Amino acid sequence: VQLQASGGGLVQAGGSLRLSCAASGRTFSSYGMGWFRQAPGKEREFVASISWSGGSTYYADSAKGRFTISRDSAKNTVYLQMNSLKPEDTAVYYCAAEKVPFTVVAGPLMEDGMDYWGKGTLVTVSS
């Protein structure tokens, strides 16, 4: 079972990136998914979550209005569209699946509530 995040890179402030998280080995269509990030020298923090159906999403204050989480269950993939990027968004971004299936309402996620973690993808935003 593997979650692989991709799409990171170097972008100027104000730019956009779209991260993808592809799952292999099993389907996560019944599970809520989340994006987290870890900036250099800081602890990993929650960014965004999406319910198992995709009908509910939730964002950290730092992501509201700029980031959009979505999922394509047919492709077993979750996305994070990031617009208006700021230097403080620089971090390694991780995707993860919730331990408990069928989350109806997305909310702030804690690391200990997550099961599978993908290898991160580095996002660097230059000023």
Side-chain angles (χ1 to χ4, degrees):
V1 179
Q2 189 175 17
L3 293 174
Q4 180 63 60
S6 62
L10 175 63
V11 64
Q12 288 188 331
S16 298
L17 283 174
R18 188 194 195 202
L19 306 184
S20 298
C21 173
S24 61
R26 59 163 284 185
T27 178
F28 289 95
S29 60
S30 300
Y31 291 80
M33 301 290 291
W35 284 96
F36 294 74
R37 68 186 183 186
Q38 187 167 21
K42 295 187 177 181
E43 294 188 351
R44 189 154 54 186
E45 64 177 6
F46 165 77
V47 176
S49 63
I50 189 166
S51 63
W52 76 276
S53 68
S56 177
T57 58
Y58 188 91
Y59 300 91
D61 288 344
S62 59
K64 285 180 184 176
R66 300 188 300 126
F67 294 2
T68 302
I69 187 172
S70 61
R71 68 189 302 163
D72 185 336
S73 293
K75 295 182 178 180
N76 220 14
T77 302
V78 178
Y79 305 96
L80 186 68
Q81 177 67 42
M82 304 187 297
N83 299 327
S84 303
L85 283 162
K86 305 175 182 179
E88 51 264 44
D89 294 319
T90 294
V92 177
Y93 284 72
Y94 300 88
C95 60
E98 289 192 74
K99 289 181 179 178
V100 179
F102 300 118
T103 300
V104 175
V105 179
L109 300 176
M110 304 295 289
E111 289 192 41
D112 59 5
M114 311 307 289
D115 201 351
Y116 296 98
W117 288 87
K119 293 181 180 179
T121 185
L122 176 63
V123 172
T124 303
V125 184
S126 63
S127 57

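These numbers were taken from a predicted model, which means no experiment stands behind them.
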Next on the checklist: Once side-chain hydrogen bond (donor to acceptor under 3.5 Å, both in side chains) is applied, do any residues pair with Q4, and if so which ones, sequence neighbours excluded?
Outcome noted: none
Item to check | ring pair (Phe, Tyr, Trp, His ring centres under 6.0 Å) involving F46 - partner list, sequence neighbours excluded | outcome: F36
Checklist entry - Can you list every side-chain hydrogen bond (donor to acceptor under 3.5 Å, both in side chains) pair that touches residues 77-86, not counting sequence neighbours? => result S16-N83, Q81-N83
Checklist entry - Can you pull the disulfide bond (SG atoms under 2.5 Å apart) pairs that have at least one residue in residues 26-127, sequence neighbours excluded? => result C21-C95
Next on the checklist: Under 4.5 Å side-chain heavy-atom separation, chaining through any Ile, Leu, Val, Met, Phe, Trp or Tyr, what else clusters with M110? Say none if it is isolated.
Outcome noted: none
Checklist entry - Tracing side-chain links under 4.5 Å among I, L, V, M, F, W and Y, which residues wind up in one group with V105? => result V104
Checklist entry - What distance separates R26 CZ from L3 CG, expressed to the nearest 0.5 Å? => result 8.5 Å
Checklist outcome for this item: Across all chains, not counting sequence neighbours, the side-chain hydrogen bond (donor to acceptor under 3.5 Å, both in side chains) partners of K64 are D61
Would you give me the side-chain donor-acceptor pairs under 3.5 Å for residues 111-127, sequence neighbours excluded?
{"residue": "E111", "atom": "OE1", "partner": "R44", "partner atom": "NE", "Å": "3.4"}
{"residue": "E111", "atom": "OE1", "partner": "R44", "partner atom": "NH2", "Å": "3.1"}
{"residue": "T121", "atom": "OG1", "partner": "G8", "partner atom": "N", "Å": "3.0"}

Next on the checklist: Within this structure, what is the OG-CD1 distance for the pair S49 and I69, rounded to the nearest 0.5 Å?
Outcome noted: 6.0 Å
Checklist entry - Taking only residues at least two apart or on different chains, which pairs with a member in residues 80-105 satisfy ring-ring contact (aromatic ring centres under 6.0 Å, His included)? => result W52-F102
Item to check | Residue list, side-chain hydrogen bond (donor to acceptor under 3.5 Å, both in side chains) with S6, at least two apart or on another chain | outcome: none
Checklist entry - Quick one: side-chain hydrogen bond (donor to acceptor under 3.5 Å, both in side chains) partners of R66, sequence neighbours excluded? => result D89
Checklist entry - Which value, rounded to the nearest 0.5 Å, describes the distance between N76 atom CG and F28 atom CZ? => result 7.0 Å
Item to check | Heavy-atom pair with the smallest gap, counting every atom of L109 and M33 | outcome: CD1-O, 4.1 Å
Checklist entry - Which residue pairs pass the disulfide bond (SG atoms under 2.5 Å apart) test with at least one member in residues 98-127, sequence neighbours excluded? => result none
Checklist entry - Looking only at heavy atoms, what is the nearest atom pair of P87 and A13, with distance? => result CD-CB, 4.1 Å
Item to check | Full working for side-chain contact (heavy atoms from CB on, under 4.5 Å) between S62 and R37 | outcome: CA-CA 11 Å; S62 59; R37 68 186 183 186; 3.4 Å; yes
Checklist outcome for this item: Minimal heavy-atom distance between G7 and L17, with the atoms involved, is O-CD2, 3.8 Å
Checklist entry - Does M82 share a hydrophobic cluster with Y58, counting links as ILVMFWY side-chain heavy atoms below 4.5 Å and allowing steps through other members? => result no
